[in-house]
Amino acid sequence: MTAILENLAAARRAGKPAGITSVCSAHPVVLRAAIRRAATSKTAVLIEATCNQVNHLGGYTGMTPLDFVAFVNSIASEEGLPAELLIFGGDHLGPNPWRREKAEDALTKAAVMVEAYVSAGFRKIHLDASMGCAGEPAALDDVTIANRAAKLAAVAEKAATDAGLPKPLYILGTEVPVPGGADHVLDTVAPTEPQAARNTIDLHREIFAQHGLSQAFERVIAFVVQPGVEFGSDNVVAYDPQAAQSLSAVLDGEPQLVFEAHSTDYQTETALTALVHDGYPILKVGPGLTFAYREALYALDMIASEMVGTYGDRPLARTMEKLMLSAPGDWQGHYHGDDITLRLQRHYSYSDRIRYYWTRPEALAAVSALHKALDGKTIPETLLRQYLGELPLAAVAGRTMEEVLVAAVDQVLATYHAATGEARH
């Protein structure tokens, strides 16, 4: 099941680089699209949950790691995906959800969370203890970060042994874009300095050995670095292979490792292919998938407004605006500008902070009303071309609303599928 992850470094050394898409989302339509593509192409699918999204206390989804595994497995069963093709990953596992608490308390909770992830069957574990807790600097020194990561790795090792499960594969390192994208316009993003990457790798290797975890370090498959990709609310910084060339060269001295690329959302197929070729074969994507879902959902909202007399004028979009204004916590502070700019960002931002609202009762009711309005109705091709023109007509003509939404997400996944060479795995 995890052979593809374990072979990424070897494939690069052999001159046959291959990659894998890391689907970072708990949205059921996104998960269904990813799983359906895997089932159809008979390739592995990597589904990742983050520490804030899913943890032993429920996270913002209300799911524990075991709940999340059961949720994903239920969709996989419906789509006919064999269990051996499904890989679970845990992202940024560390004290981040509790960073406003004292370090001792936050790290205790982080350890329980890591244990819950590993015991639930998550095999790919990204340990991230980079953030300061209450009374600490926002950015910690490298030695403290590595020691905290090692202690969490020890918890993961024991959890796997106690559960009779294979030992985890680890991702280490913390130099990543701001979760969910930057909150301001960026023209360029500098890649990680090569020497900084070398120092991070060497320090973790040394400290893991000090903690008696040399065997665990042998299962470290990747370090997280910044290859120079990012997206903000309104723009995307494209990958520049030449700028990251010296960083990629670090891997020449680390035969067991590759790099993991975060925030690859909205990159072109050419850029994604170059990332895989240059040593960043684990491509994480999340907001870009729910952005495509929202695009299609809003298009269907407009279609229903056009063709169903009793539906009203874009009631779904109006509901989401009212909901986000009444509960601004998930977007306020991330978006900036005058009232018009803020309204546009709430709905159309690349950061896609609207994704945090789709599971709220008001949003679920509005989506259900849209389903009901379109149920049993054939959408004219002319309206499909007008509002869903970027999707192939064959993928949406005569389809149900859910099939249209899955097709929209799948179009993004297809770009990753081609870039990573997953069709050849």
Item to complete: Kindly indicate whether a cation-pi arrangement holds for R346 with W331, taking the cut-offs as under 6.0 Å to the six-membered ring centre and within 45° of the axis.
Response: yes

Worksheet item: Taking side chain as C-beta onward, heavy atoms only, is L413 less than 4.5 Å from T415?
Response: no

List the atom pairs, donor and acceptor, that lie under 3.5 Å between side-chain atoms in residues 297-304 and the rest of the protein, sequence neighbours left out.
unit_1 : atom_1 : unit_2 : atom_2 : d
Y298   : OH     : H347   : ND1    : 2.7
D301   : OD1    : Y311   : OH     : 2.6
D301   : OD1    : L316   : N      : 3.3
D301   : OD2    : A317   : N      : 3.1

Fill in: Side-chain heavy-atom pair D142, N199 within 4.5 angstrom cut-off
no

Worksheet item: Hey, is D162 close enough to K158 for a salt bridge, meaning N to O under 4.0 Å?
Response: yes

Practice prompt. Indicate the atoms forming the closest heavy-atom contact of A407 with A395, along with that distance.
Written response: CB-O, 4.0 Å

Worksheet item: Below 4.5 Å, heavy atoms only, C-beta onward: do T2 and K124 meet side chain to side chain?
Response: no

Item to complete: Answer yes or no: is there an ion pair linking R219 with E6, defined by an N-O contact shorter than 4.0 Å?
Response: no

Worksheet item: Centroid-to-centroid, F231 to Y266, below 6.0 Å?
Response: yes

Practice prompt. Identify whether the distance between the nearest side-chain nitrogen and carboxylate oxygen of R99 and E136 falls below 4.0 Å.
Written response: no

Discussion item. Side chains of S41 and H417, heavy atoms from C-beta outward: is any pair under 4.5 Å?
Written reply: yes

Worksheet item: Got a salt bridge between R205 and D202, using NZ or NE/NH1/NH2 to carboxylate O under 4.0 Å?
Response: yes

Worksheet item: Using the ring of each side chain (for Trp, its six-membered ring), is F223 parallel, tilted or perpendicular to F217, with breaks at 30° and 60°?
Response: tilted

Under 3.5 Å donor-acceptor pairs involving side-chain atoms of residues 280-293, not counting sequence neighbours:
unit_1 : atom_1 : unit_2 : atom_2 : d
Y280   : OH     : S248   : OG     : 3.0
K284   : NZ     : S22    : OG     : 3.2
K284   : NZ     : E48    : OE1    : 3.2
K284   : NZ     : E48    : OE2    : 2.9
T290   : OG1    : P287   : O      : 3.2
T290   : OG1    : D352   : OD2    : 2.5

Worksheet item: Does a salt bridge link E362 with K322, judged by any charged N lying under 4.0 Å from a carboxylate O?
Response: no

Practice prompt. Indicate yes or no: at least one non-hydrogen side-chain atom of V367 is less than 4.5 angstrom from one of M401.
Written response: yes

Fill in: Evaluation steps, side-chain hydrogen bond (donor to acceptor under 3.5 Å, both in side chains), between H262 and E260
CA-CA 7 Å; H262 288 224; E260 180 170 277; 2.8 Å; yes

Discussion item. Quick one, L213 and E157 - any side-chain contact, counting heavy atoms below 4.5 Å?
Written reply: yes

